[in-house]
Amino acid sequence: MAVLSGVNMTYNGNQTADLILKPLFKNPLLNALFTIREDVQFQEPLNVLGPLTGILQKYTGCAQLPTTGNAVITQRFLVPQKMQAHVQQCADIFDRTIFEKAKKSGYEENDLQGTTLAKILEALAVEGLTLDLFRLIFFGDKSSADTTMNIIDGVWKKTFAGVADANPANAIIRTTIPDVLAANSARDAFKKLLTTGSPNILKQAVRTGKAMILTTGALFDNYLESKESANNAGVDQAYLNEINGMVKDTMGPVEALMYRGIPVMAMRDWDTEIAAIGGATPNTHRAILWLPGNHYIGTDKYSSFNEFKAWYSDDFDLNNLRARFRADYNYAIGQFTAVAYSNL
């Protein structure tokens, strides 16, 4: 990212919340997929209280002993981690360009406040941070050697851990997608998510109309091909709308089809990231039955650690931009998620 020449400005604490965190965490797609908690100062428990069962019994008369119920409280936590973006750019990159004319003149030439360049800088920062945050939220891995990814454990790291978890409250049920996609592989995988891959409690939640299926791009294309080859394809407008995809205003320009009344959303950035990560078992094809109210992002918009700073260094003729904030991801209830993925 290029940073503008001759910039000196600093925002801390609450100012950063308005400048960076508000546009970053109010992103329409992020808000459509996650429940955002902006007040997590240190850690926030996602308390899950299981049903109190086994308490009803036949009445046998006076002095009958009470029964012992089995209510289980499970806690998962949001623990926002400190993170920062700090980039540098040589000062002469905007010399003899149209951007130079937008700067102030004279003794105020290093003051960006009140110029159009300030808005450009803010937009560049938010755009870059948004892309990086999405990547981190879904693919963060504390065990990674990549310092841009080992800040938190993201959706997929915690999903894989949930599949292996023996605790029913944390456990996520997995079904399998073929390593090599054949005709209707995606359609069959979606069916498993809603049948064999889902406990009854999740099936009940799906009926609320809040569920969606997030899928890799290749799997989405496989589902599209299934619909294109269907009998009597294309004979009504409803079918054409599904084939052409739907753009939901609340989610941004995301490709979406419908399966049994549930939006199927193409997450094409996943394909790029999965290919980059590689490994012996990359789990190339993935789909997850998603309830936004079960997936949380936590941040602290009032933290003194928050900072957005841009400055020019005379020592090396370098421009600097630094943004700091805290964030974390977690799901609340494993039984409210079902996942399907291939091994290779």
Side-chain angles (χ1 to χ4, degrees), residues 25-36 130-140 154-160 162 172-175 177 181 184-195 197-198 202-203 205-228 230 238-275 283-297 329 331 336-342:
F25 289 100
K26 295 299 183 183
N27 177 280
L29 182 57
L30 200 69
N31 276 261
L33 298 180
F34 299 93
T35 299
I36 310 296
T130 299
L131 293 174
D132 284 352
L133 182 63
F134 265 95
R135 177 172 175 258
L136 179 65
I137 290 298
F138 280 107
F139 291 95
V155 170
W156 284 109
K157 179 66 179 291
K158 289 186 174 178
T159 296
F160 293 146
I172 294 174
I173 295 180
R174 178 219 173 169
T175 58
I177 297 174
L181 297 180
N184 302 320
S185 289
R187 186 193 66 187
D188 294 343
F190 300 160
K191 182 178 181 180
K192 289 179 181 178
L193 286 178
L194 294 171
T195 53
S198 303
L202 178 55
K203 293 176 183 176
V206 168
R207 295 192 186 100
T208 66
K210 301 286 181 68
M212 58 187 73
I213 296 174
L214 309 183
T215 177
T216 48
L219 200 63
F220 182 89
D221 291 339
N222 182 272
Y223 180 52
L224 177 60
E225 291 170 1
S226 294
K227 300 188 78 62
E228 288 175 334
Y239 174 82
L240 292 177
N241 289 342
E242 288 191 337
I243 291 299
N244 291 332
M246 299 182 302
V247 177
K248 292 185 174 293
D249 293 337
T250 57
M251 298 182 185
V254 178
E255 298 170 271
L257 298 172
M258 300 295 289
Y259 178 77
R260 295 189 178 184
I262 300 173
V264 178
M265 298 173 56
M267 308 294 286
R268 295 195 181 276
D269 288 346
W270 289 5
D271 299 67
T272 303
E273 192 61 36
I274 292 168
N283 312 119
T284 300
H285 308 300
R286 306 182 188 184
I288 185 167
L289 185 56
W290 189 270
L291 292 173
N294 191 45
H295 297 271
Y296 289 80
I297 293 176
Y329 157 79
Y331 65 86
F336 280 176
T337 300
V339 66
Y341 52 85
S342 60

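Because the structure is a prediction, the values reported are computed rather than measured. Residue indices begin at 1 and follow the sequence shown.
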Legend entry - Residues I274, W156; criterion side chain to side chain contact (heavy atoms under 4.5 Å, CB included); working and verdict: CA-CA 11 Å; I274 292 168; W156 284 109; 6.0 Å; no
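- For the pair L33/I137, no side-chain contact is recorded, criterion being any heavy-atom separation below 4.5 Å from C-beta on.
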Inset, instruction - Starting from the C-alpha separation in whole Å, work towards a yes-or-no answer on side chain to side chain contact (heavy atoms under 4.5 Å, CB included) for L219 and W270. - result: CA-CA 11 Å; L219 200 63; W270 289 5; over 6 Å; no
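- Side-chain atoms of F190 and R260, non-hydrogen and from C-beta on, never get closer than 4.5 Å to each other.
- Between F336 and Y331, the distance from one ring center to the other does not fall under 6.0 angstrom.
- Across all their heavy atoms, S226 and R187 have their closest contact at OG-CB, 4.4 Å.
- A distance-only check finds a donor-acceptor pair linking the side chain of T35 to the backbone of P292 [under 3.5 Å].
- In this structure, the side chains of M265 and L29 come closer than 4.5 Å at one or more pairs of heavy atoms.
- Closest of all the heavy-atom pairs between I213 and A287 is CG2-CB, 4.3 Å.
- Rounding to the nearest 0.5 angstrom, the gap separating the NZ atom in K227 from the CG atom in N222 is 12.5 Å.
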Legend entry - Residues E273, F138; criterion side chain to side chain contact (heavy atoms under 4.5 Å, CB included); working and verdict: CA-CA 10 Å; E273 192 61 36; F138 280 107; over 6 Å; no
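- Rounded to the nearest 0.5 Å, atoms CZ (R286) and CD1 (I177) are 10.0 Å apart.
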Legend entry - Residues F134, F34; criterion ring pair (Phe, Tyr, Trp, His ring centres under 6.0 Å); working and verdict: CA-CA 11 Å; F134 265 95; F34 299 93; 7.5 Å; no
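- Using modelled atom types, no side-chain atom of T337 and backbone atom of I172 make a donor-acceptor pair closer than 3.5 Å.
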Inset, instruction - For K192 and I173, run side chain to side chain contact (heavy atoms under 4.5 Å, CB included): C-alpha distance rounded to whole Å, both residues' side-chain angles, the deciding distance at 0.1 Å, then the answer. - result: CA-CA 11 Å; K192 289 179 181 178; I173 295 180; over 6 Å; no
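- In this structure N31 satisfies the side chain to side chain contact (heavy atoms under 4.5 Å, CB included) test together with K26, I36, sequence neighbours excluded.
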Legend entry - Test side-chain hydrogen bond (donor to acceptor under 3.5 Å, both in side chains) applied to T216 and D271, step by step: CA-CA 6 Å; T216 48; D271 299 67; 4.6 Å; no
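- Pairing each heavy atom of V264 with each of F220, the nearest pair is O-CE1, 3.4 Å.
- Using a 4.5 Å heavy-atom threshold, the side chains of K191 and Y259 count as touching.
- Side-chain rings of F139 and Y329 stay apart, their centers remaining 6.0 Å or farther from each other.
- Under the 4.5 Å side-chain criterion, counting only non-hydrogen atoms from C-beta, L181 is not in contact with D221.
- The shortest heavy-atom contact between L289 and A211 is CD1-CB, 4.4 Å.
- To the nearest 0.5 angstrom, T272 atom OG1 is 11.0 Å from R135 atom CZ.
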